[in-house]
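Quick caveat: nothing in here was measured; it's all calculated off a predicted structure.
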Amino acid sequence: MKPNINKHGLSRYIPEDIKREIRKKSGFGCVICGKGIYEYDHINPEFNDAKTHDPNGITLLCGQCHSKKTRKFLSRETILEMMANPVPFVTGFVNESMDIKLDENLIIKIGAAIFTNCPIPIVFKGKEVLKISKPSDGSTNILLSGIFFDSIGNKSLIIENNEWKANTENWDIITKGGELIIKNEFEPFLIMENDKRNILNIKFFKTEIGNMKFVMSDQGIFINNSRIIKEFIAENCQIGMMIG
């Protein structure tokens, strides 16, 4: 087990404001490959020699790239080069595959709404927020796709064929405890949980398109700050809900 304090008395705990600065500098994902599940890694200097948590010397590495570094298959020099030009900023997004059960029994929860066997759970102002389709090769697996906008109508998260991609222009992107959290400067506007493979749970979603503010949470569905639905269940239908 790694010691929690180094030879200079520095704790492994990195303050939250410094963590956010590291995430921002790294593009919210692994600087080497762009994966969205990451670890904070002291590079220059390494943790044992560090006297402070300097965000300019710490970066984000995914588990695989971190293991490559530990086992000497990824050099410090390469990591430093990539810290200056992280892959997420080159591609414009960070991404991860989703652990979902690929059959028609997938349950989608968005706030207080539950959708089962609904190919298009939600249409908001003519836009398909989520869509379930079958691949062209005729297999029985399903493909989940979707698009989420931030609280002022900009694209923040795209789901393409069971893989999520988060825009690096977001104010903050956090992955921890089975949750993907995307925030603006003041609050989260999307919280997605994927720790059960037959359930996609979008705990909170807030967006604004045109003059319509739309919120889905465990308290219900709100439009322009007024709750229009407390609970909602849709089963075995082509479109679960149309709003706007």
Side-chain angles (χ1 to χ4, degrees), residues 1-102 156-183 188 190-197 200:
M1 182 180 294
K2 294 181 180 179
N4 290 323
I5 297 176
N6 72 4
K7 63 184 181 182
H8 297 294
L10 183 68
S11 167
R12 285 192 177 275
Y13 172 77
I14 302 174
E16 290 302 319
D17 58 334
I18 295 178
K19 280 185 175 181
R20 184 189 171 270
E21 190 172 349
I22 296 165
R23 291 195 296 271
K24 193 76 174 177
K25 285 178 176 290
S26 303
F28 306 108
C30 177
V31 296
I32 304 294
C33 67
K35 290 298 183 184
I37 307 297
Y38 50 75
E39 302 174 24
Y40 297 86
D41 202 337
H42 291 73
I43 305 298
N44 188 28
E46 293 196 356
F47 175 72
N48 191 50
D49 296 318
K51 295 180 180 179
T52 64
H53 294 297
D54 180 3
N56 294 310
I58 306 173
T59 196
L60 302 182
L61 294 177
C62 71
Q64 183 178 25
C65 290
H66 183 270
S67 293
K68 286 181 179 180
K69 167 184 170 282
T70 301
R71 291 166 174 77
K72 309 299 182 184
F73 287 96
L74 181 62
S75 70
R76 179 172 175 270
E77 290 72 23
T78 294
I79 297 172
L80 288 171
E81 288 177 5
M82 298 307 293
M83 286 171 65
N85 190 29
V87 163
F89 287 135
V90 176
T91 61
F93 60 84
V94 293
N95 68 298
E96 276 291 346
S97 59
M98 301 174 69
D99 182 21
I100 59 176
K101 188 176 181 181
L102 301 180
S156 64
L157 179 74
I158 296 173
I159 299 175
E160 291 183 341
N161 300 335
N162 308 326
E163 178 182 71
W164 61 257
K165 298 179 179 180
N167 192 328
T168 54
E169 293 184 2
N170 285 299
W171 191 82
D172 200 3
I173 303 170
I174 304 167
T175 51
K176 65 177 183 179
E179 291 184 342
L180 167 66
I181 303 169
I182 304 181
K183 302 173 65 176
L190 179 66
I191 302 175
M192 183 172 74
E193 183 180 63
N194 183 208
D195 64 344
K196 297 180 177 65
R197 66 189 188 123
L200 175 64

Problem - Within-4.5 Å side-chain heavy-atom neighbours: I58 and K25 - result: no
Problem - Non-hydrogen side-chain atoms of R76 and N44 separated by less than 4.5 Å - result: yes
Problem - Y13 atom OH, over 12 foreign heavy atoms within 6.0 Å - result: yes
Problem - Sub-4.5 Å side-chain heavy-atom contact between N194 and L180 - result: no
Practice task
Give a yes or no on this: more than 12 heavy atoms of other residues, nucleotides or ligands lie within 6.0 Å of atom NZ of K7.
Solution key: yes
Handout entry: Straight-line distance of I22 CD1 to N56 CG, nearest 0.5 Å
Key = 9.5 Å
Problem - Minimum side-chain heavy-atom gap R20-K183 below 4.5 Å - result: no
Fill in the blank from the handout: Between F93 and T91 the two heavy atoms that sit nearest each other are O-OG1, 3.0 Å
Handout entry: Single hit among V94, L61, V87 for side chain to side chain contact (heavy atoms under 4.5 Å, CB included) with C30
Key = L61
Handout entry: Polar side-chain atom of T175 near backbone of G36 as donor-acceptor pair, under 3.5 Å
Key = yes
Problem - Full working for side chain to side chain contact (heavy atoms under 4.5 Å, CB included) between E81 and N85 - result: CA-CA 7 Å; E81 288 177 5; N85 190 29; over 6 Å; no
Practice task
List for me each residue that meets ring pair (Phe, Tyr, Trp, His ring centres under 6.0 Å) alongside F89, sequence neighbours excluded, and say none if there are none.
Solution key: none
Fill in the blank from the handout: Minimal heavy-atom distance between V31 and M82, with the atoms involved, is O-CE, 3.5 Å
Practice task
Flag the pair I43 / K69 as yes when at least one side-chain heavy-atom distance between them is below 4.5 Å, and no otherwise.
Solution key: yes
Problem - Interatomic spacing from CG in L157 to NZ in K165 - rounded to 0.5 Å - result: 11.0 Å
Practice task
Give, for atom CD1 of I32 and atom NZ of K68, the distance between the pair rounded to the nearest 0.5 Å.
Solution key: 9.0 Å
Exercise for the section: Can you measure from CG (D54) to CD1 (I14) and round to the nearest 0.5 angstrom? Expected result: 11.0 Å
Problem - Side chains of K176 and I174 in contact at under 4.5 Å (non-hydrogen atoms) - result: yes
Practice task
Nearest 0.5 Å please: distance from the CG atom of N95 over to the CH2 atom of W164.
Solution key: 7.5 Å
Exercise for the section: Rounded to the nearest 0.5 Å, what's the gap from CG on D49 to CG on N6? Could you check? Expected result: 8.0 Å
Practice task
Sequence neighbours left out, what passes ring pair (Phe, Tyr, Trp, His ring centres under 6.0 Å) with H42? Give chain and number order.
Solution key: F47, H53
Problem - T78 versus L74, closest heavy-atom pair with distance - result: CG2-CD1, 3.9 Å
Practice task
Using a 4.5 Å cut-off on heavy atoms from C-beta on, say whether the side chain of Y40 contacts that of L60.
Solution key: yes
Exercise for the section: Could I get the full list of salt bridge (Lys or Arg N to Asp or Glu O under 4.0 Å) partners for E169, not counting sequence neighbours? Expected result: none
Problem - Electrostatic pair E21:K24 at N-O distance under 4.0 angstrom - result: no
Practice task
Mind listing the closest non-hydrogen atom pair of F28 and Y38 along with its distance?
Solution key: O-CE2, 3.6 Å
Completion exercise
Nearest heavy-atom approach of I173 to R23 is O-CD, 3.4 Å
Exercise for the section: State whether the side chain of E96 and the backbone N or O of I37 hold a donor-acceptor pair below 3.5 Å, judged by distance alone. Expected result: yes
Exercise for the section: Could you pull out the closest heavy-atom pair between A166 and N170, with the gap in Å? Expected result: C-ND2, 4.2 Å
